[in-house]
Trainee: 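Below is one structure. I have some questions about it.
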Amino acid sequence: MLLSSRLTRCLALPPLTTNTTLQDIASNQSKGVAKVILKKGKTQLFRDGSPMVYSGAVDRIIGRPPPKTGDVVLVADGTQKPIGWGLYNSCSMFCVRLMQLEEEVSGDPSCALNVEKLLETRIDAAIRLRKSLGLPSANTNAYRLVNSEGDRLSGLIVDVFGDLAVIASSAAWV
């Protein structure tokens, strides 16, 4: 229901705020957020945009209790400095789907560690992009509204066929 309501309306993007770090936000949360610490030499791959953290890139996980599938986690380099946050999956070779990088959080902290707010923002951006491409149009009412990694929602696909939206997923968080 949450996703379908987001598809039917465009939302205003939040104002930009600066100088907030992901570590600050995580430290102020009432419950602890686990940290997935990457192995030396693996950090740049994810800073460069790969959203799927594979288990072989993970050095250790810090957190009590350990994260469960679907939990929000910080992803950090070897010095425990966060590079982003994502959603944990204990049953997949991709143990984290990165949702937002530290640089994005510093520029706009409103979505940090907040899956619902991030979904609103990213689906809104996808809707605006498709509208700018002329979709839907008189020639077609079938198109891909959300294209997983292409719209920075790793594992989520939403196809539109007229008045019908079909959701497909390859990620436990969806």
Trainee: Could you state the interatomic distance from CG (D77) to CZ (R47), rounded to the nearest 0.5 Å?
Mentor: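 Answer for the CG-CZ pair, D77 versus R47, is 5.5 Å.
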Trainee: Where do Y143 and P136 come nearest, in terms of heavy atoms and distance?
Mentor: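 Heavy atoms of Y143 and P136 come nearest at OH-CD, 3.6 Å.
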Trainee: Is it the case that one hydrophobic cluster holds both V146 and V115, taking links as side-chain heavy atoms less than 4.5 Å apart, direct or via other members?
Mentor: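 Yes: a chain of side-chain contacts under 4.5 Å links V146 to V115.
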Trainee: Going hydrophobic residue to hydrophobic residue with side-chain gaps under 4.5 angstrom, can you get from V174 over to M93?
Mentor: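 No, because V174 and M93 fall into different hydrophobic clusters, even though each may have its own neighbours under 4.5 Å.
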Trainee: Salt bridge check, D151 against R130: does any charged N sit closer than 4.0 Å to a carboxylate O?
Mentor: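 Here R130 pairs with D151 in a salt bridge, since their nearest N and O are under 4.0 Å apart.
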Trainee: Within the side chain of S169, is there an N or O that forms a donor-acceptor pair under 3.5 Å with the backbone of L156?
Mentor: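 Between the backbone of L156 and the side chain of S169 there is no qualifying donor-acceptor contact (under 3.5 Å).
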Trainee: Would you mind reporting whether C91 and T69 have side-chain heavy atoms less than 4.5 Å apart?
Mentor: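 Of all side-chain heavy-atom pairs linking C91 with T69, at least one is under 4.5 Å.
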Trainee: According to a 4.5 Å side-chain heavy-atom criterion applied to Ile, Leu, Val, Met, Phe, Trp and Tyr, with indirect links allowed, do L101 and L45 form part of one hydrophobic cluster?
Mentor: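 Linked, L101 and L45 end up in one cluster.
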Trainee: Please report the shortest heavy-atom distance between V73 and P67, naming the atom on each side.
Mentor: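 Scanning both residues completely, I find the closest heavy atoms to be CG1-CB, 3.8 Å.
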Trainee: Do the side chains of I61 and Y88 get nearer than 4.5 Å, heavy atoms only?
Mentor: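 Yes - at least one pair of side-chain heavy atoms lies under 4.5 Å apart.
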Trainee: To the nearest 0.5 Å, what is the distance between CZ (R97) and CG (L153)?
Mentor: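 Separation between the atoms: 11.0 Å.
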Trainee: Can you check whether K117's main-chain N or O pairs, donor with acceptor, with N114's side chain at less than 3.5 Å?
Mentor: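 Here the side-chain-to-backbone pair exists.
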Trainee: Is the side chain of W173 donor-acceptor paired with the backbone N or O of S154 at a distance under 3.5 Å, no angle test?
Mentor: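 Yes, the answer is positive, given that a donor and an acceptor are paired below the 3.5 Å cut-off.
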Trainee: I want to check something: taking the side chain as every heavy atom from C-beta on, are I83 and F46 in contact at a cut-off of under 4.5 Å?
Mentor: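 Heavy-atom side-chain distance check passes, below 4.5 Å.
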Trainee: Sub-3.5 Å donor-acceptor pair from the side chain of K35 to the main-chain atoms of Q80, do we have one?
Mentor: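 Yes, the answer is positive, given that a donor and an acceptor are paired below the 3.5 Å cut-off.
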Trainee: Of the options V166, N141, T140, which is the one that meets F161 in a side chain to side chain contact (heavy atoms under 4.5 Å, CB included)?
Mentor: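 Checked V166, N141, T140 against F161; only one passes side chain to side chain contact (heavy atoms under 4.5 Å, CB included): V166.
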Trainee: Are L145 and I127 packed together at the side-chain level, in the sense that at least one heavy-atom pair is separated by less than 4.5 angstrom?
Mentor: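 They are in contact (side-chain heavy atoms under 4.5 Å apart), so the answer is yes.
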Trainee: Would you say V36 ends up clustered with I62 if hydrophobic residues are merged whenever their side chains have heavy atoms under 4.5 Å apart, either directly or through other cluster members?
Mentor: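 Unlinked, I62 and V36 end up in two clusters.
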Trainee: Where is the tightest heavy-atom contact between D159 and R144, given as atom of each residue plus distance?
Mentor: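 D159 and R144 have their closest heavy atoms at OD1-NE, 2.6 Å.
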Trainee: Hydrophobic clustering (ILVMFWY, side-chain heavy atoms < 4.5 Å, transitive) - are V75 and L113 grouped together?
Mentor: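 Per the 4.5 Å side-chain linkage, L113 and V75 are not co-clustered.
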Trainee: Would you give the length of the straight line joining atom CZ of R152 to atom CG of L118, rounded to the nearest 0.5 angstrom?
Mentor: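 Nearest 0.5 Å value for the CZ-CG distance: 8.0 Å.
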Trainee: What's the spacing between L74 CG and E102 CD if we round to 0.5 Å?
Mentor: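 With rounding to 0.5 Å, CG (L74) is 9.0 Å from CD (E102).
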Trainee: Main chain of V58, side chain of K42: is a donor-acceptor contact present, judged purely on distance under 3.5 Å?
Mentor: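 No.
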Trainee: For the CZ atom of R128 and the CG atom of L133, what is their distance to the nearest 0.5 Å?
Mentor: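 The CZ atom of R128 sits 12.5 Å away from the CG atom of L133.
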Trainee: Measure the shortest side-chain to side-chain distance between E104 and M99 over non-hydrogen atoms and say whether it is less than 4.5 angstrom.
Mentor: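 Result no, sub-4.5 Å side-chain heavy-atom pair not found.
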Trainee: Within the 3.5 Å criterion, strictly below it, is a donor on N139 or S137 matched to an acceptor on the partner's side chain?
Mentor: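 Result is no, nothing qualifies.
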Trainee: Can you measure from CE (M52) to CG (N89) and round to the nearest 0.5 angstrom?
Mentor: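 With rounding to 0.5 Å, CE (M52) is 12.5 Å from CG (N89).
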Trainee: Ignoring hydrogens, what is the shortest heavy-atom contact between C111 and T121? Give both atom names and the distance.
Mentor: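 Distance-wise, the nearest heavy atoms are SG-OG1, 3.3 Å.
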Trainee: Just so I know, are the side chains of I167 and V158 near enough to count as touching, which here means a heavy-atom distance under 4.5 Å?
Mentor: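 With C-beta onward as the side chain, the pair touches.
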Trainee: Taking C-beta and beyond as the side chain, do V72 and L87 meet within less than 4.5 Å on heavy atoms?
Mentor: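 Side-chain contact under 4.5 Å: yes.
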